[in-house]
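Since the structure comes first, as structure tokens, the remarks are kept for the end.
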Amino acid sequence: MADEAKGKGNAAFSAGRFEEAARHFTDAIALAPGNHVLYSNRSAALASLHRYSDALADAQKTVELKPDWAKGYSRLGAAHLGLGDAASAVAAYEKGLALDPSNEGLKAGLEDAKKAAAAPPRRGPTGPDAIGQMFQGPELWSKIASDPATRPFLEQPDFMQMLREVQRNPSSLNVYLSDPRMMQVLSLMLNIKIQRPEASEPSQSTPPSQPQQQQTPPPETKAREVEPEPEPEPMDSTDEEKERKERKAAAQKEKEAGNAAYKKKDFETAIQHYTKALELDDEDISYLTNRAAVYIEMGKYAECIKDCDKAVERGRELRADFKMISRALTRKGTALVKLAKTSKDYDIAIEAFQKALTEHRNPDTLKRLNEAERAKKELEQQEYYDPKLADEEREKGNEFFKEQKYPEAVKHYTEALRRNPKDPRVYSNRAACYTKLGAMPEGLKDAEKCLELDPTFTKGYTRKGAIQFFMKEYDKAMETYQAGLKHDPKNPELLDGVRRCIEQINKANRGEISQDELQERQNKAMQDPEIQNILTDPIMRQVLIDFQENPKAAQEHLKNPGVMQKIQKLVSAGIVQMR
């Protein structure tokens with residue numbers, strides 16, 4: 001799943017869809033948080049969006065996870081350079097080149113960083129970009145909402161669209177400066193009065209019959225022509241505004257006190273502080289979401305859900321940050337999971353998490369959604385559990401097996417396992433069906449599950465051994481049969497299985513099998529990790545050389561039981577022939 005999300009992110013990045021790429025990489029990180037490549041890729045996407053602070057955090061995580069990977073330092077250098085820290089960028093690129101001196105990307109980055117370091121110092125962005133970055137701050141929305149002159153703008157969709165575009169791309173501000181509403185918000189953010197052409201009085205026109213007056217207007221008229229109209233005074237009085245600010249400041253102090261109490265696990269005190277903060281300021285939904293978190297810790301899930309619903313509703317009214325809405329929905333989902341008693345109860349929790357993800361793709365929310373879906377599935381299996389019905393389905397499967405209707409038998413055995421997934425007999429029976437259908441990997445998996453549930457179930461060993469024999473893995477089949485004989489030493493099927501395996505292994509030793517069959521057996525063996533380990537073992541490589549060049553030393557090797565066992569495995573696999 002992580003690789004799939006990574007692939008989608010790479011495709012989006014290649015197509016220039018950097019926001020989408022960053023979302024996919026975030027999903028991948030949630031599934032594989034220890035993969036340094038994912039943080040590197042997201043850092044590149046964020047840097048392409050000029051979100052250099054976030055790109056720097058991901059680059060630092062990359063080199064933390066993989067300090068010997070040169071590309072991580074390339075990401076680190078690019079992020080530092082984007083933030084204007086040329087000296088740190090130079091240091092990052094040099095660290096990368098120490099690991100990979102021939103890396104052209106690191107060389108080019110180092111050259112750019114050195115040029116930036118040598119350039120005259122800049123005080124920061126200028127022009128519309130610098131002013132546009134003021135719209136990135138968290139205080140933007142509260143300032144607009146608290147000013148009576150700009151508050152109505154929040155009800156106007158076209159203005160909201162302009163504002164979000166400037167937040168996303170600060171350099172686009174100059175496109176919207178012709179809109180008087182944007183100019184008024186800019187005036188508010190700069191805390192100055194900006195003279196606007198439309199605020200000036202029109203020139204005093206005079207009739208054509210008075211040309212002298214037109215050419216030489218009185219001094220008072222001149223003054224009026226250039227003097228702008230004063231900005232409208234705020235509707236709220238100074239005292240009211242002062243009181244409002246004091247209440248907000250007091251609410252923040254209550255929140256901080258609540259946070260401190262929460263960390264100490266003094267939940268009752270934390271509730272009191274958050275409640276007081278709400279009474280002082282109902283325009284900040286973080287007080288509700290924080291109180292909801294405390295209710296979860298206290299096991300008061302109904303109160304938590306109530307607070308989360310209120311936070312979402314109030315957040316919509318205030319046009320709160322979508323991340324805050326997502327947080328409220330995530331906490332609601334968490335409380336609903338705690339209350340779930342049946343698989344159906346998980347549906348509303350899953351819905352809450354899905355809604356939260358539409359607001360903000362948060363890795364924690366995604367993780368909680370996946371956990372809720374797994375819990376729902378497990379509970380569904382428990383609710384479906386019925387040993388009596390499972391036995392009935394097993395008997396139906398047995399009847400179809402006797403009639404050689406193997407697909408129908410598989411269907412009933414599968415239903416029996418849904419009703420009772422702990423019955424080793426059903427896995428054994430379905431393994432036999434799969435063997436008849438030629439579905440050897442599926443049959444082997446069922447036989448192994450059968451033995452996992454009951455290691456003493458003899459039939460499981462005969463099923464597994466037979467499948468391995470059909471797959472021409474004679475050495476493994478013999479091991480399986482011998483393991484079964486430890487539980488039932490006189491079992492005729494297991495004894496016959498051992499005999500047939502020995503016959504096939506001896507045929508290979510005597511060279512009595514076709515070249516094609518030998519090649520097939522060797523190809524399979526080379527894919528076996530155990531065989532690969534034997535062949536890459538330095539000691540075993542020397543043993544094999546001695547068998548060819550030093551027969552006396554080879555005889556000494558055979559006295560070692562461990563070496564002899566490994567040689568036997570190579571012989572059984574057709575890799576080595578003994579003559």
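- Contact annotation: the side chain of Phe25 approaches that of Asn10 to within less than 4.5 Å [non-hydrogen atoms, C-beta and beyond].
- Salt bridge annotation for Glu399-Lys396: absent, with no cationic side-chain nitrogen under 4.0 angstrom from a carboxylate oxygen.
- The backbone N or O of Pro492 lies less than 3.5 Å from no partner atom in the side chain of Asp496, so there is not a single donor-acceptor pair.
- Contact annotation: the side chain of Asp54 never approaches that of Leu49 to less than 4.5 Å [non-hydrogen atoms, C-beta and beyond].
- Checking side-chain atoms of Lys376 against main-chain N and O of Ser343 turns up a donor-acceptor pair under 3.5 Å.
- For the atom pair CD of Glu380 and NZ of Lys344, the computed distance is 7.5 Å after rounding to the nearest 0.5 Å.
- A salt bridge links Lys566 with Asp537: at least one charged nitrogen is closer than 4.0 Å to a carboxylate oxygen.
- Between the side chains of Tyr287 and Gln252, a donor-acceptor pair is found at a separation under 3.5 Å.
- A cation-pi contact, defined as under 6.0 Å to the ring centre and within 45° of the axis, is absent between Arg419 and Tyr385.
- Note: Tyr262 and Phe267 have tilted aromatic rings, judged against thresholds of 30 and 60 degrees for the angle between ring planes.
- Of all heavy-atom pairs spanning Leu366 and Ala30, the tightest one is CD2-CB, 4.0 Å.
- When only modelled atom types and interatomic distance are considered, Arg463 and Thr435 share no side-chain donor-acceptor pair under 3.5 Å.
- Between Lys323 and Asp321 there is no salt bridge, since none of the side-chain N atoms of the basic residue sits less than 4.0 Å from a carboxylate O of the acidic one.
- The CG atom of Asn290 sits 7.0 Å away from the CZ atom of Arg327 when rounded to the nearest 0.5 Å.
- In this structure, Arg75 contributes its side chain and Asp58 its backbone to no donor-acceptor pair below 3.5 Å.
- Checked for salt-bridge contact, Lys310 and Glu313 miss the test: no charged N lies under 4.0 Å from a carboxylate O.
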Practice task
Check step by step if salt bridge (Lys or Arg N to Asp or Glu O under 4.0 Å) holds for Glu493 and Lys459.
Solution key: CA-CA 9 Å; Glu493 289 183 83; Lys459 203 65 164 175; 3.2 Å; yes

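- Contact check for Thr365 versus Leu329: no side-chain heavy atoms found under the 4.5 Å cut-off.
- For the pair Lys8 and Glu20, the minimum side-chain heavy-atom distance is 4.5 Å or more.
- Between Val337 and Tyr346, the closest side-chain pair of non-hydrogen atoms falls below 4.5 Å.
- Of all non-hydrogen atoms in Ile325 and Ala311, the two that sit nearest each other are CD1-O, 4.4 Å.
- Salt bridge status for Glu503 with Arg499: present, with a side-chain N to carboxylate O gap under 4.0 Å.
- With respect to the salt-bridge test (charged N to carboxylate O, under 4.0 angstrom), the residues Lys355 and Glu351 qualify.
- Put simply, CG on Leu336 and NZ on Lys332 are 6.0 Å apart, with the number rounded to the nearest 0.5 Å.
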Problem - Stepwise side-chain contact (heavy atoms from CB on, under 4.5 Å) check, Phe13 with Ser48 - result: CA-CA 9 Å; Phe13 187 91; Ser48 300; 3.8 Å; yes

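- Salt-bridge formation is not detected for the pair Glu452/Lys464: no Lys NZ or Arg NE/NH1/NH2 atom is positioned less than 4.0 Å from an Asp or Glu carboxylate oxygen.
- Taking CG of Leu288 as the reference point, atom OG1 of Thr275 lies at 9.0 Å (rounded to 0.5 Å).
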Practice task
Applying ring pair (Phe, Tyr, Trp, His ring centres under 6.0 Å), run through Tyr474 and Phe469 and close with a yes or a no.
Solution key: CA-CA 5 Å; Tyr474 303 120; Phe469 188 90; 5.1 Å; yes

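- In summary, the side chains of Ser40 and Thr62 do not present any donor paired with an acceptor at a separation below 3.5 Å, with no hydrogens or angles considered.
- Considering all non-hydrogen atoms of both residues, Cys304 and Ala335 come closest at SG-CB, 3.8 Å.
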Exercise for the section: Given salt bridge (Lys or Arg N to Asp or Glu O under 4.0 Å), test Arg314 with Glu317 step by step and report yes or no. Expected result: CA-CA 5 Å; Arg314 186 68 176 131; Glu317 293 171 2; 2.8 Å; yes

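- With rounding to the nearest 0.5 angstrom, the CG atom of Leu357 is 7.5 Å from the CG atom of Asn362.
- A salt bridge links Asp68 with Lys66: at least one charged nitrogen is closer than 4.0 Å to a carboxylate oxygen.
- In terms of heavy-atom proximity, Asp284 sits nearest to Leu318 at N-CD1, 4.4 Å.
- Around atom CG of Leu437, more than 12 heavy atoms belonging to other residues, nucleotides or ligands sit under 6.0 Å away.
- Remark: the backbone N or O of Ala78 is not paired with any side-chain donor or acceptor of Tyr52 at under 3.5 angstrom.
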Exercise for the section: Apply the test side-chain contact (heavy atoms from CB on, under 4.5 Å) to residues Met540 and Val563: give CA-CA distance (whole Å), side-chain angles for both, the deciding distance (0.1 Å), then the verdict. Expected result: CA-CA 8 Å; Met540 287 304 300; Val563 171; 4.2 Å; yes

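- Panel note: side chain Tyr427, backbone Lys422; no donor-acceptor pair is recorded below 3.5 Å.
- The two residues Ala261 and Ala270 come nearest to each other via the heavy atoms CB-N, 3.7 Å.
- When atom types are taken as modelled, the side chain of Tyr73 and the backbone of Pro67 share a donor-acceptor pair closer than 3.5 angstrom.
- At distances below 3.5 Å, not a single donor-acceptor pair connects side-chain atoms of Ser326 with backbone N or O atoms of Phe322.
- No side-chain heavy atom of Val426 sits less than 4.5 Å from a side-chain heavy atom of Lys449.
- A cation-pi arrangement is absent between Arg368 and Phe353, since the terminal nitrogen or guanidinium carbon is not both under 6.0 Å from the aromatic centre and inside a 45° cone about the axis.
- Looking at Ser428, its side chain never comes within 3.5 Å of a backbone N or O of Pro424 through a donor-acceptor pair.
- Residues Tyr413 and Arg394 have side chains in contact (heavy-atom distance under 4.5 Å, counting atoms from C-beta outward).
- Atom CD of Glu373 sits about 4.0 Å away from atom CG of Leu369, to the nearest 0.5 Å.
- Contact annotation: the side chain of Thr269 never approaches that of Lys264 to less than 4.5 Å [non-hydrogen atoms, C-beta and beyond].
- The distance between the ring centers of Tyr295 and Tyr301 does not fall below 6.0 angstrom.
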Practice task
Could you give me the CA-CA distance, side-chain angles and deciding distance for Leu278 and Arg291, then say whether side-chain contact (heavy atoms from CB on, under 4.5 Å) is met?
Solution key: CA-CA 10 Å; Leu278 278 168; Arg291 191 169 70 177; 3.7 Å; yes

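- Side-chain atoms of Thr480 come within 3.5 Å of backbone N or O of Lys476 as a donor-acceptor pair.
- For the pair Tyr39 (side chain) and Gly34 (backbone), a donor-acceptor distance under 3.5 Å is absent.
- Nearest approach of Gly465 to Ala477, heavy atoms of both residues: O-CB, 3.6 Å.
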Practice task
Let me see the working for Leu379 and Gln382 under side-chain contact (heavy atoms from CB on, under 4.5 Å), right down to the final yes or no.
Solution key: CA-CA 5 Å; Leu379 200 51; Gln382 293 175 18; 3.5 Å; yes

